[in-house]
Amino acid sequence: MMRVILAFIGLLLASSAIAQERVDSVKLDTAIVRNVDKVPEFVGGVSAWSSFISRSFDAYDVISRLDSTDYVDFGIRQTAIMEFTVCEDGSICDIRVANKDKISPAFAKEVLRVMKRSPKWHPGLKNDKAVRTRIRQNIVGDFELK
């Protein structure tokens with residue numbers, strides 16, 4: 001009787017391990033692929049990306065929040081180095097300003113706001129399969145009062 005119970009418990013443990021293995025294989029791959037066959041691209045290309053940034057970026061709001069010390073500390077022309085992930089479905093996430101200490105807080109806040117509103121991209125491809133890819137993209141702000 002004891003052998004039957006131990007065999008039954010062993011069978012339950014084995015089937016539970018197989019079920020867990022199947023559940024784990026359903027999880028999404030969240031690894032970042034750095035070496036891709038095709039890099040992610042904004043839908044419509046570079047001109048559409050520039051147009052999106054121009055339409056979405058509120059330079060007047062940034063200028064209104066800059067004070068004279070910001071101009072001295074960060075300059076009239078600032079470049080935000082954006083890092084973000086383009087996911088398999090083309091959405092972007094994990095957005096950050098890589099050089100946040102080199103640009104004004106107002107500019108950093110605005111570029112993050114704009115990036116969070118970005119439409120989907122064409123994802124990066126590896127072996128004809130969409131993969132998560134990390135991107136670095138510069139956004140330049142010229143805050144000269146005219």
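As the structure is a computational prediction, the values presented were derived from the model and not from experiment. In this chain, residues are counted from 1 in sequence order.
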Any chance you could measure [X], atom [atom1], to [Y], atom [atom2], to the nearest 0.5 Å?
| X | Y | atom1 | atom2 | value |
| --- | --- | --- | --- | --- |
| Arg134 | Glu83 | CZ | CD | 5.5 Å |
| Asp58 | Ser64 | CG | OG | 7.5 Å |
| Glu110 | Ser56 | CD | OG | 9.0 Å |
| Ile76 | Asp70 | CD1 | CG | 12.5 Å |

Check [X] against [Y] and note the closest heavy-atom contact, atom names and distance.
| X | Y | answer |
| --- | --- | --- |
| Val86 | Trp121 | CG1-CB, 3.9 Å |
| Ala108 | Val97 | O-CG2, 4.2 Å |
| Cys87 | Pro123 | O-CB, 3.4 Å |

Measuring only between side-chain heavy atoms, which start at C-beta, is [X] closer than 4.5 Å to [Y]?
| X | Y | result |
| --- | --- | --- |
| Ile32 | Thr85 | yes |
| Gln78 | Phe143 | yes |
| Leu66 | Val62 | yes |
| Ile53 | Ile139 | yes |
| Ile103 | Thr79 | no |
| Lys126 | Lys38 | no |
| Val140 | Asp142 | no |
| Trp49 | Gln137 | yes |

Stepwise ring-ring contact (aromatic ring centres under 6.0 Å, His included) check, Phe57 with Phe107: CA-CA 10 Å; Phe57 189 81; Phe107 184 42; 5.8 Å; yes
Test log, rule side chain to side chain contact (heavy atoms under 4.5 Å, CB included), inputs Val39 and Thr133: CA-CA 8 Å; Val39 296; Thr133 309; over 6 Å; no
Worked verdict on Glu144 versus Arg77 for side chain to side chain contact (heavy atoms under 4.5 Å, CB included): CA-CA 8 Å; Glu144 185 174 1; Arg77 186 177 174 94; over 6 Å; no
Between [X] and [Y], is there a donor-acceptor pair closer than 3.5 Å when you use the side chain of the first and the backbone of the second?
| X | Y | result |
| --- | --- | --- |
| Asn99 | Ile81 | yes |
| Asp89 | Ser91 | yes |
| Ser50 | Ser47 | no |

Phe42 with Leu125, same ILVMFWY side-chain cluster at under 4.5 Å: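 They do not share one cluster, since no chain of ILVMFWY contacts under 4.5 Å joins Phe42 to Leu125.
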Single-linkage hydrophobic cluster Ile95~Phe52, side-chain heavy atoms < 4.5 angstrom: yes
Qualifying residue, where the test is side chain to side chain contact (heavy atoms under 4.5 Å, CB included) with Met82 and the options are Val111, Val114, Asn138, Ile135: Val111
Atom CG of Asp128: over 12 foreign heavy atoms under 6.0 Å: no
Asp94 bridged to Arg132 by N-O distance under 4.0 Å: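 Salt bridge between Asp94 and Arg132, a charged N being under 4.0 Å from a carboxylate O: yes.
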Intermediate values then yes/no, side chain to side chain contact (heavy atoms under 4.5 Å, CB included), Ile92 and Met115: CA-CA 8 Å; Ile92 65 169; Met115 289 301 298; 3.8 Å; yes
Evaluation steps, side chain to side chain contact (heavy atoms under 4.5 Å, CB included), between Arg113 and Arg117: CA-CA 7 Å; Arg113 184 192 69 79; Arg117 295 182 62 220; 3.4 Å; yes
